[in-house]
Structure formats: C-alpha cells, structure tokens
Amino acid sequence: MGQVIKSYLGIFFLMVTGMVGIGVVTAGIQSANARNYHADVISEIECSNFNESVLAACQQQAQAQGYSLQIKTMDYDAMGHVKRAEVILDYEYAIPVLNLVTAHQVRGFAK
C-alpha cells in the first residue's frame with residue numbers, strides 16, 4: 001500500500017515539475033519574441049528615416065500584438081530633421097502555472 005502512494009506522489013511531483021518547466025520555457029519564448037519585435041521596430045524606423053506615419057503605424061501594430069510601444073524623438077539636425085529616437089517596448093513576462101506576471105521593458109535607440 002505504501003508503494004502505491006509513493007508512486008502516485010512521485011508521478012504528481014513529476015507532472016508539476018514538467019508544467020512549471022513548460023511555463024518557464026514559454027515565458028522565455030515570449031520574451032525573445034518581444035526582443036525580436038523591438039529590433040524589427042528599430043530597423044523599420046531607421047529605414048523609414050523617422051517618418052511620422054511609420055512611427056504611428058508601428059505603435060498601432062504593437063498595440064494589436066499586445067505590446068505597449070513608446071517612441072520618443074530626441075536629436076534634431078540644423079534643418080529640424082530627427083536623427084535619433086528612443087524606442088521603449090513594454091511586455092508581460094508570464095508563467096501561468098505559478099500565477100506569476102511581471103512587467104518587463106526593452107529599451108533601444110534608432111539612429
């Protein structure tokens with residue numbers, strides 16, 4: 001009888017460990033996706049030469065994907081053209097099995 005209880009308890013802990021592991025891997029993938037999206041946004045901003053319509057489109061697209069994106073234009077040249085922008089992407093790092101949700105942020109500059 002004691003062997004049966006130990007077996008079921010072992011299987012239970014193995015399943016819990018597996019579920020937590022899957023949650024951690026999923027959160028890592030979501031974090032990597034957010035960082036890749038941030039890099040893509042910076043590249044798109046740089047390729048458009050800081051076009052205002054592209055900046056607005058990037059913010060709308062980020063909102064549609066569940067991110068919060070802030071773009072702050074910073075440096076101007078003698079003719080008033082933007083030369084640099086700070087790009088801030090907010091996303092949630094979530095492990096649902098542990099009911100753990102934290103806000104993370106990725107910052108970068110488009111030059």
Side-chain angles (χ1 to χ4, degrees):
M1 182 69 180
Q3 198 70 359
V4 173
I5 294 173
K6 289 179 186 177
S7 297
Y8 280 118
L9 194 58
I11 290 171
F12 173 75
F13 284 126
L14 186 63
M15 289 179 61
V16 168
T17 303
M19 294 300 289
V20 169
I22 289 170
V24 169
V25 169
T26 302
I29 290 171
Q30 290 172 350
S31 179
N33 287 342
R35 291 183 186 279
N36 289 339
Y37 182 75
H38 181 259
D40 290 343
V41 167
I42 288 176
S43 177
E44 191 169 345
I45 290 171
E46 289 173 345
C47 289
S48 73
N49 201 19
F50 303 96
N51 188 335
E52 290 295 326
S53 63
V54 171
L55 299 178
C58 286
Q59 289 177 331
Q60 289 174 352
Q61 185 181 14
Q63 200 171 36
Q65 291 189 6
Y67 300 128
S68 173
L69 183 69
Q70 299 173 17
I71 302 172
K72 299 177 184 177
T73 56
M74 300 173 75
D75 291 339
Y76 298 93
D77 61 6
M79 307 231 311
H81 297 112
V82 176
K83 292 175 21 181
R84 182 178 297 195
E86 183 179 19
V87 181
I88 303 169
L89 181 73
D90 295 315
Y91 66 97
E92 289 184 348
Y93 184 88
I95 302 174
V97 175
L98 300 176
N99 198 21
L100 175 70
V101 178
T102 58
H104 285 241
Q105 197 175 68
V106 182
R107 291 176 173 256
F109 291 93
K111 301 175 186 172

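Everything quoted here is computed from the prediction, not taken from an experiment. Both backbone and side-chain heavy atoms feed into the values below; hydrogens, waters and symmetry mates do not.
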### Summary
Note: Ala62 and Tyr37 closest approach over all heavy atoms is N-OH, 3.2 Å
### Query
If two hydrophobic side chains count as joined below 4.5 Å and joins carry through other members, does Leu98 share a cluster with Met19?
yes
### Message
Taking Leu9 as the starting point, is it possible to reach Val16 by hopping between hydrophobic residues whose side chains are less than 4.5 Å apart?
### Response
yes
### Task
Scan Gln63, Gln59, Gln65 and name whichever one has a side chain to side chain contact (heavy atoms under 4.5 Å, CB included) with Gln61.
Gln65
### Query
Rounded to the nearest 0.5 Å, how far does CD of Glu92 lie from OG of Ser68?
10.5 Å
### Query
Any donor-acceptor pair under 3.5 Å linking the side chain of Ser7 with the backbone of Gln3?
yes
### Task
Mind running side-chain contact (heavy atoms from CB on, under 4.5 Å) on Phe109 and Val87 for me, showing each step along the way?
CA-CA 6 Å; Phe109 291 93; Val87 181; over 6 Å; no
### Task
Find out if a path of hydrophobic residues (ILVMFWY) with successive side-chain heavy-atom gaps under 4.5 Å connects Phe50 to Ile42.
yes
### Query
Between Arg107 and Glu86, is a salt bridge (Lys or Arg N to Asp or Glu O under 4.0 Å) present by the stated rule, with each step listed?
CA-CA 7 Å; Arg107 291 176 173 256; Glu86 183 179 19; 2.7 Å; yes
#### Entry: Distance in Å, Ile22 CD1 paired with Thr17 OG1, rounded so as to fall on 0.5 Å steps
11.0 Å
#### Entry: Gap separating the CD1 atom of Ile71 from the OG1 atom of Thr73, nearest 0.5 angstrom
9.5 Å
### side-chain contact (heavy atoms from CB on, under 4.5 Å) between Leu100 and Thr102, worked out
CA-CA 7 Å; Leu100 175 70; Thr102 58; 4.2 Å; yes
### Query
Does Gln105 use its side chain to pair, donor to acceptor, with the backbone of Asp90 at less than 3.5 Å?
no
### Tyr91 and Tyr67 aromatic ring geometry - parallel, tilted or perpendicular at 30°/60° bounds
perpendicular
### Message
Could you tell me if the side chain of Leu69 sits less than 4.5 Å from the side chain of Ile88, heavy atoms only?
### Response
no
### Task
Take Thr26 and Ile95 through the side-chain contact (heavy atoms from CB on, under 4.5 Å) test and state the conclusion after the steps.
CA-CA 8 Å; Thr26 302; Ile95 302 174; over 6 Å; no
### Task
For atom CD of Gln30, decide whether the heavy atoms of other residues, nucleotides or ligands shown that lie under 6.0 angstrom number more than 12.
yes
### Message
Please report the interatomic distance NE2(His38) to SG(Cys58), rounded to the nearest 0.5 Å.
### Response
11.0 Å
#### Entry: Minimum heavy-atom distance Ala27-Ala94, with the two atoms named
CB-O, 3.3 Å
### Task
Rounded to the nearest 0.5 Å, what's the gap from CD on Gln70 to CG on Leu89? Could you check?
9.5 Å
